[in-house]
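Labels below follow one simple rule: chain letters A, B, ... track the order of the sequence lines, proteins then strands, and each chain is numbered from 1.
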2 protein chains.
Amino acid sequence: MTQVPIQPLPKRPLTLRDVSEASGVSEMTVSRVLRNRGDVSDATREKVLTAARELGYVPNKIAGSLASSRVNLVAVIIPSLSNMVFPEVMTGISEILDDTELQPVVGVTHYKPEREEAVLYEMLSWRPSGVIIAGLEHTDAAKAMLGAAGIPIVEIMDTDGSAIDAAVGISHRRAGRKMAKAILDAGYKKIGFLGTKMPLDHRARKRFEGFTETLAKAGLEVADQEFYSGGSALAKGREMTETILARTPDLDFLYYSNDMIGAGGLLHCLDKGIDVPGEVGLAGFNGIEFLDGLPRQLATMDACRVEIGREAARIIASRAESPETGGKELISLEPSLDFGDTLKRLKKL
Amino acid sequence: MTQVPIQPLPKRPLTLRDVSEASGVSEMTVSRVLRNRGDVSDATREKVLTAARELGYVPNKIAGSLASSRVNLVAVIIPSLSNMVFPEVMTGISEILDDTELQPVVGVTHYKPEREEAVLYEMLSWRPSGVIIAGLEHTDAAKAMLGAAGIPIVEIMDTDGSAIDAAVGISHRRAGRKMAKAILDAGYKKIGFLGTKMPLDHRARKRFEGFTETLAKAGLEVADQEFYSGGSALAKGREMTETILARTPDLDFLYYSNDMIGAGGLLHCLDKGIDVPGEVGLAGFNGIEFLDGLPRQLATMDACRVEIGREAARIIASRAESPETGGKELISLEPSLDFGDTLKRLKKL
DNA sequence: TCGCGCTATGTTAACGCTAACAGGTCAGAA
DNA sequence: TTCTGACCTGTTAGCGTTAACATAGCGCGA
């Protein structure tokens, strides 16, 4: 890999035949050497490797996959790359797949069901060894494709619903309930919700449902709400916080649907000299690492993103190794609540 | 796409032959219908489409690509997904490719040359229609592969050096010089540098080189330096700023190699009641949008990330359309300096 | 009436590789 | 010697699709 290949005539793409001719053995033997499969004498191996290197030969996986009907790709279908959550999932996935032959291929849906369907169709047409796809909600056609693909499917992030095959995630409904309980236990009563304007983000919706459900049991409901879309989340967090507090000044808690707008809210409150968490408590969702440097630590709930990626990849990898094993794995991780500095603990009012 | 396919026996993967038998025409005609190529009567087309939908047939691109020796994939090779810069480049790339047949496939190198080489080899083995790769520095073997691949290659982010084929980026050396000039013009004299411990981030290195070069012309040099690796950039920015200011208290400017640590530094200074930009000026690099919500706007320089992605994708797309056209395009974008609130303008000391 | 040119469909031969099997050689056991 | 089996290498036949060419049917002008 360190020697510089010599490319005499860069016209026709190189094939096994070229290497075979250059090294004086059959194509099959070259193939064997290049894949480390089957017995080949050291002398032959050396000859072949040298020839391949000198020519700068790169095997054609298209042909190889067609012949062997094995494709070392794993389709990963996610809604977005522009907040930190999916890149972290990707990190977990790569971490595991790096130790295997498998390779992730990413498709982005922008939270649009029809895009998801199209991306999935495109991905499946490459006959991957498995699919990792965000969420449990898909169009009927997408579900049908996934069901009929005959490969391992892992639906990630969410476990509130029924999976096609395997699933790894957290219960967002439960996460919402848990946060509501913590807020109520801390004695807050007048609670505002701030989130994204995204009816298609089912996980945010489920957290909200769990949240309101627990409030309802305590005879409370969300006192005010504010939504945004687009723009810098941090700036939006500030704006929305200002808006909601202006409209409903007696709110004593603000629950944000993600840490970024939560951080914006926190900065706003500190700016305005609002006592956090005494006067107003704050909480976000996600446990984004780079917020560690903020003046005060935002209460949040870890969504286990890296771990979700790892587990999903493990399922695909283990099934790729022994196809008949497993199936329908359901891994529900437990998000941990971090009180940070913005959600007081059990202080009596 | 909206009808639910019926999968009678989910065993052997479906092929053109199945659709051909189900619809009573030849495989070739089915292929023509599915690709919208050649003349097919409306009646036949309808029959075929119905059969394909009902079976839930998904074409096999592996076979298709092998037969047509056309692959609609574009390899995108980048160092990382975990800071915001490359996801933004990806956004630009997708934006353009979404209007074409082409599809990006991402490979991540973690700033390691040997990983880059391996990822590139893997990608090329799928015979993509083009390669978009970050940086101009590659191993000899990687350069040889790129040179011999016979497909469009666009090296992005950087234009300080010589490209294999096309290149789109900014001059980081120039960016460093420009920032140095702005800082000197504002009257700062005792300048500290804070960056990542990454000898392999050539672009950061070039910025630094340009920066020191301009200082040198003014008879100055960097008064102190501090480096970090790993961890939360925001938190690290705080720590490093504290450290460097403790060690060299008379610094009057801090230049950060990225906005995230710069933001940490800003927060630290605000915490400590340091007058910014009077006592100490600050600047980062990148123009990361979500920092908009900070209490004060950090001076920074926009690296034109989305635009770089767009231009690179445009080059690949246009060459895919008309192969003989173009070649060796060199697009050097001009990063714009944003003074923000942390770099005073031309105030005399 | 013939045959030209059009449209709609079919036939054949790759594309570059690998699975499966078929030798061919050579050492040591019978 | 002959046989056995380990080791190495080669041959053959696809994998599922598409390019290129072949053909069938049909309307129409001369």
* **Rounded (10°) bend between the five-pair end axes of the helix from C/dT1-D/dA30 to C/dA30-D/dT1** => 60°
Does the side chain of [X] get closer than 4.0 angstrom to OP1 or OP2 of [N] through an N or O atom?
| X | N | answer |
| --- | --- | --- |
| B/Thr44 | C/dT9 | yes |
| B/Ser41 | C/dA8 | no |
| B/Thr29 | C/dA8 | no |
| B/Ser65 | C/dC15 | no |
| B/Arg35 | D/dA19 | yes |
| B/Arg70 | D/dA19 | yes |

Can we say [X] and [Y] salt-bridge, meaning some charged N sits less than 4.0 Å from an Asp/Glu carboxylate O?
| X | Y | answer |
| --- | --- | --- |
| A/Glu329 | A/Arg319 | yes |
| B/Arg314 | B/Glu307 | yes |
| B/Arg45 | B/Asp39 | no |

Rounded to whole angstroms, how far apart are [atom1] on [X] and [atom2] on [N]?
| X | N | atom1 | atom2 | result |
| --- | --- | --- | --- | --- |
| B/Asp39 | C/dG5 | CG | C1' | 14 Å |
| B/Arg37 | D/dT17 | CZ | C1' | 13 Å |
| B/Trp126 | C/dG16 | CH2 | P | 16 Å |
| B/Glu27 | C/dT12 | CD | P | 12 Å |
| B/Arg45 | C/dT7 | CZ | P | 14 Å |
| B/Arg17 | D/dT18 | CZ | P | 15 Å |
| A/Asn72 | C/dT18 | CG | C1' | 15 Å |

* To do: Could you note down all residue pairs passing salt bridge (Lys or Arg N to Asp or Glu O under 4.0 Å) where residues 64-76 of chain A supplies at least one of them, sequence neighbours left out?
  =>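 Passing the test, one end in residues 64-76 of chain A: no pairs.
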Between protein and nucleotides 13-16 of chain D, what N or O pairs are separated by less than 3.5 Å?
from: D/dC15; atom 1: O2; to: A/Leu66; atom 2: O; distance (Å): 3.4
from: D/dC15; atom 1: O2; to: A/Ala67; atom 2: N; distance (Å): 3.2
from: D/dG16; atom 1: N2; to: B/Ala63; atom 2: O; distance (Å): 3.3

* To do: Quick one: list whatever passes salt bridge (charged side-chain N to carboxylate O under 4.0 Å, His left out) with B/Asp18, sequence neighbours left out.
  =>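 Testing B/Asp18 for salt bridge (charged side-chain N to carboxylate O under 4.0 Å, His left out), a comparison that skips the adjacent residues, returns B/Arg12.
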* Asked: Between atom CG of B/Leu146 and atom CD1 of B/Ile153, what is the distance when rounded to the nearest 0.5 Å?
  ->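 So the gap between those two atoms works out to 4.5 Å.
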* Spatial distance of atom OG1 (A/Thr159) from atom CG (A/Leu330) [nearest 0.5 Å] -> 6.5 Å
Within-4.5 Å side-chain heavy-atom neighbours: [X] and [Y]:
| X | Y | value |
| --- | --- | --- |
| B/Thr29 | B/Val40 | yes |
| A/Trp126 | B/Ser65 | yes |
| B/Pro113 | B/Leu200 | yes |

* B/Glu321 atom CD: more than 12 heavy-atom contacts under 6.0 Å ->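 Count not over threshold, so no.
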Donor-acceptor side-chain pairing of [X] and [Y] below 3.5 angstrom:
| X | Y | value |
| --- | --- | --- |
| B/His138 | B/Glu117 | no |
| B/Arg35 | B/Ser31 | yes |
| A/Glu116 | A/His110 | no |

Can you name the atoms? Protein N/O to nucleotides 24-26 of chain D N/O, anything below 3.5 Å, with the distance.
none

With 3.5 Å as the limit, what N/O pairs link the protein to nucleotides 20-23 of chain D?
none

